[in-house]
Amino acid sequence: MKEEIRHDAYVKKLLEAREKEEIRIDPINERNIAKGEGLTSPTNHVTTEETKIFKEYMEQKNLFKLTEAKPHMKKALTLKRFFKMKRNQQVEIYSKAGQKSIYSEGKVNAIGRDFVMITNLKDRIWIPYEKIDSANVPYGIPNYSNTHQHYIYDNDLRTKLLQNFGATVSQREILIQQFHEETLRTNLSRWKNTWVEIKYEENKSHVGKVLETSKKTVTLKGFRHVYHIPLNKIEMIETIRFLKILTSFISR
């Protein structure tokens with residue numbers, strides 16, 4: 001049977017316990033109060049760096065559990081996780097083009113539901129996950145994040161996200177990539193009138209401007225023809241420069 005206690009006695013006991021409690025200074029809240037931002041509650045009893053490490057460990061364990069349960073999703077989920085860890089960092093990708101293997105290198109720019117986009121000084125390259133054989137960080141490249149990753153801590157941006165999330169995100173490409181996982185189709189629809197070369201099936205390729213995308217095809221407008229290329233056959237998409245456009249026109 002539980003011991004009964006009156007309210008006055010309970011309050012007195014609580015205050016006595018409070019006086020004996022060890023008061024630790026929280027540097028985060030101390031700084032917040034100094035800045036006039038109020039108090040924040042800790043997510044757990046351990047330090048923030050321990051929380052961060054545990055969170056990453058938990059995400060990786062969840063990923064492996066999920067891929068064990070859904071083996072057909074393993075490749076896409078693993079690649080997506082890898083590229084998210086390397087956002088804005090240099091990576092190398094070996095992908096398939098028919099029987100050939102293609103090597104691509106660049107910084108991870110966009111991570112979609114079924115593709116990754118990397119950029120280098122000259123080109124922007126889209127590669128579907130299912131065409132990727134392997135991805136890694138090039139040997140000798142330091143493993144550190146780019147300062148552009150810290151945009152989320154911009155106080156002005158944080159306020160805009162809290163007060164007008166939809167309009168704020170839709171106006172910035174990097175925020176769209178951060179909060180939405182686009183498909184290759186939806187991403188290409190935002191690159192209309194961009195000159196690209198699409199490689200697909202067995203050594204086939206076409207050069208043209210992106211006209212439109214549908215659920216099954218992407219439409220390119222070349223110099224003389226319009227091409228409808230099945231999205232599920234695409235092996236790689238690469239932006240091209242004026243000289244290559246001119247060369248393509250002369251060769252045809």
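Residues take their numbers from the sequence shown, with the count starting at 1.
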> Can you name the residues that form a ring-ring contact (aromatic ring centres under 6.0 Å, His included) with Phe64, not counting sequence neighbours?
Replying inline: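 Once residues adjacent in sequence are excluded, Phe64 has no partner under the ring-ring contact (aromatic ring centres under 6.0 Å, His included) criterion.
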
> Does Phe165 have any ring-ring contact (aromatic ring centres under 6.0 Å, His included) partners at least two apart in sequence or in another chain, and if so, which?
Replying inline: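 Partners of Phe165 by the ring-ring contact (aromatic ring centres under 6.0 Å, His included) criterion, ordered by chain and then number, come out as Phe179.
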
> How does the hydrophobic cluster around Phe54 look, that is, which other residues are in it when side-chain heavy atoms under 4.5 Å mark a link?
Replying inline: Tyr57, Met58

>> Quick check for you: to the nearest 0.5 Å, what is the distance between Trp126 atom CH2 and Leu188 atom CG?
In response: 6.5 Å

> Between Glu16 and Lys13, is the closest basic N to carboxylate O distance under 4.0 Å?
Replying inline: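 No, Lys13 and Glu16 are not salt-bridged.
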
> Under 4.0 Å between a Lys/Arg side-chain N and an Asp/Glu carboxylate O for Glu59 and Lys84?
Replying inline: no

Which atoms form the tightest heavy-atom contact between [X] and [Y], and what is the distance?
| X | Y | answer |
| --- | --- | --- |
| Leu231 | Ser214 | CD1-O, 3.4 Å |
| Asn88 | Lys107 | O-CD, 3.8 Å |
| His206 | Leu220 | O-CD1, 3.8 Å |
| Ser104 | Ile118 | CB-CD1, 3.9 Å |
| Phe115 | Leu184 | CD2-N, 3.5 Å |

> What residues form a salt bridge (Lys or Arg N to Asp or Glu O under 4.0 Å) with Glu201, not counting sequence neighbours?
Replying inline: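 For Glu201 the salt bridge (Lys or Arg N to Asp or Glu O under 4.0 Å) partners, ignoring immediate neighbours, are Lys204.
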
>> Counting C-beta onward and ignoring hydrogens, is there a side-chain heavy-atom pair between Ser95 and Ile102 closer than 4.5 Å?
In response: yes

>> Do Ile234 and Asn232 have side chains that approach each other closer than 4.5 Å (heavy atoms only, starting at C-beta)?
In response: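 Not in contact.
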
>> My understanding is that only residues two or more places apart in sequence, or in another chain, count here; which of them pass side chain to side chain contact (heavy atoms under 4.5 Å, CB included) with Lys74?
In response: Thr67, Thr78

>> Check for me whether the distance between the ring centres of Phe223 and Trp195 falls short of 6.0 Å.
In response: yes

> Considering residues at least two apart in sequence or located in another chain, which fulfil the side chain to side chain donor-acceptor pair (under 3.5 Å) criterion with Arg190?
Replying inline: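 Here the qualifying residues are Glu173, Glu182.
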
>> Pair Thr217, His228 - check side chain to side chain donor-acceptor pair (under 3.5 Å), show working.
In response: CA-CA 6 Å; Thr217 61; His228 301 282; 4.8 Å; no

>> Ring-plane angle category for Tyr129 and Phe83, please: parallel below 30°, perpendicular beyond 60°, tilted otherwise.
In response: parallel

> Have Thr186 and Thr183 got a donor and an acceptor in their side chains that come within less than 3.5 Å?
Replying inline: yes

